[in-house]
Amino acid sequence: MANKVRRSIVVGVAIAGAFLLIGTSIAAQKVTTNFEKNFDFATRKRYAWRQNHVVTRQGKQNDALIDQKIVHDVDRTLAEKGFVEDPSNPDFFISYEAGAADLTADVEGFHAGPAPRLNEPQGPVYGIPQNVWYSVDSHVVFHLVDAKSNQPVWTATATKKIRDPHKGMKDMEKQVQQIVSKTFKSFPPRAK
């Protein structure tokens with residue numbers, strides 16, 4: 001009987017863990033796009049970069065590394081889709097803005113109510129949380145603009161929650177690759 005109970009607990013924990021991982025990966029990143037239906041990406045394959053803006057809490061040197069990685073991954077992705085970088089005669093310009101919203105904190109053991117009474121069992125010391133997790137909502141907005149009319153032809157906004165921004169540069173290359181890959185997955189849009 002004890003083995004059955006242990007086995008059902010292990011199975012239950014494994015199932016819960018699987019759902020947690022699936023839920024985390026699904027909700028981890030969101031991409032929204034808008035595009036001009038009359039711009040034909042099938043015949044307009046040349047692009048050039050405009051100035052990009054990266055503002056993070058990682059410092060200017062790391063912002064420059066993030067910029068290089070984003071540009072490199074976008075160039076590679078567009079080349080795989082048949083687009084060519086041509087700064088002298090582009091059909092459209094591309095640029096992006098990347099950064100983060102304010103830090104949010106989840107605090108374990110925070111007492112929102114009145115101070116605990118003496119002689120009551122206590123968890124963490126009042127006012128000093130045991131654990132604090134910081135997260136940042138990162139945003140990357142890509143802008144594609146018609147080179148002739150200077151009007152937007154495609155805009156994509158990718159958002160992703162970064163669970164530990166203090167270690168953000170540790171897996172930056174992987175994070176950027178995932179964001180670019182998902183953002184440009186359905187690019188170019190189909191003209192209607």
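Only heavy atoms go into these numbers, but all of them, side chains included; no hydrogens, no water, no symmetry mates.
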Item checked: Whether Asp91 side chain and Lys45 backbone form a donor-acceptor pair below 3.5 Å -> yes
Item checked: Backbone N/O of Ala158 and side chain of Lys182: donor-acceptor pair under 3.5 Å -> no
Go through the structure and list residues passing side chain to side chain contact (heavy atoms under 4.5 Å, CB included) with [X], not counting sequence neighbours.
{"X": "Gln68", "result": "Leu65"}
{"X": "Val71", "result": "Trp49, Asn52, Asp67, Asp75, Tyr96"}
{"X": "Ser186", "result": "none"}
{"X": "Lys69", "result": "Asp73, Met172, Glu173, Val176"}

Next item on the list: Report the C-alpha separation of Phe187 and Phe83 in whole Å, then their side-chain angles, then the decisive distance to 0.1 Å, and conclude whether the ring pair (Phe, Tyr, Trp, His ring centres under 6.0 Å) test is met.
Entry: CA-CA 11 Å; Phe187 181 85; Phe83 292 88; 5.4 Å; yes
Notebook entry, point to check: Would you find more than 12 non-hydrogen atoms of other residues, nucleotides or ligands less than 6.0 Å from Lys81 atom NZ?
Noted result: yes
Check: Considering residues, nucleotides and ligands other than Glu80, do more than 12 of their heavy atoms fall under 6.0 Å from its CD?
Finding: yes
Item checked: Heavy-atom check, side chain of His143 versus side chain of Glu97, under 4.5 Å -> yes
Margin query: Less than 4.5 Å apart, side chain to side chain, heavy atoms only: is that true for Phe142 and Val74?
Written below: yes
Next item on the list: Tell me whether the guanidinium CZ or amine NZ of Arg44 lies under 6.0 angstrom from the six-membered ring centre of Phe92 and within 45° of its axis.
Entry: no
Considering non-hydrogen atoms only, spot the tightest contact between [X] and [Y] and give its length.
{"X": "Glu36", "Y": "Pro152", "value": "CB-O, 4.0 Å"}
{"X": "Ser88", "Y": "Pro90", "value": "C-CD, 3.7 Å"}
{"X": "Ile70", "Y": "Val180", "value": "O-CG2, 4.4 Å"}
{"X": "Ala48", "Y": "Pro87", "value": "CB-CA, 3.7 Å"}

Rounded to the nearest 0.5 Å, what separation is found between the [atom1] atom of [X] and the [atom2] atom of [Y]?
{"X": "Lys30", "Y": "Thr183", "atom1": "NZ", "atom2": "OG1", "answer": "13.0 Å"}
{"X": "His53", "Y": "Asp63", "atom1": "NE2", "atom2": "CG", "answer": "12.5 Å"}
{"X": "Phe184", "Y": "Trp154", "atom1": "CZ", "atom2": "CH2", "answer": "4.0 Å"}

Check: Same cluster or not: are Ile94 and Val153 linked, directly or through other Ile, Leu, Val, Met, Phe, Trp or Tyr residues, by side-chain heavy atoms under 4.5 angstrom apart?
Finding: yes
Next item on the list: Not counting sequence neighbours, which residues clear salt bridge (charged side-chain N to carboxylate O under 4.0 Å, His left out) with Arg50? List them please.
Entry: none
Note to self: I need the single residue from Val31, Thr32, Thr33, Asn34 that forms a side-chain contact (heavy atoms from CB on, under 4.5 Å) with Thr157. Which is it?
What the structure shows: Thr32
Check: Of all residues at least two apart in sequence or in a different chain, which pass the side chain to side chain donor-acceptor pair (under 3.5 Å) check with Gln177?
Finding: none
Next item on the list: State which residues pass ring pair (Phe, Tyr, Trp, His ring centres under 6.0 Å) with Phe93; sequence neighbours excluded, sorted by chain then number.
Entry: none
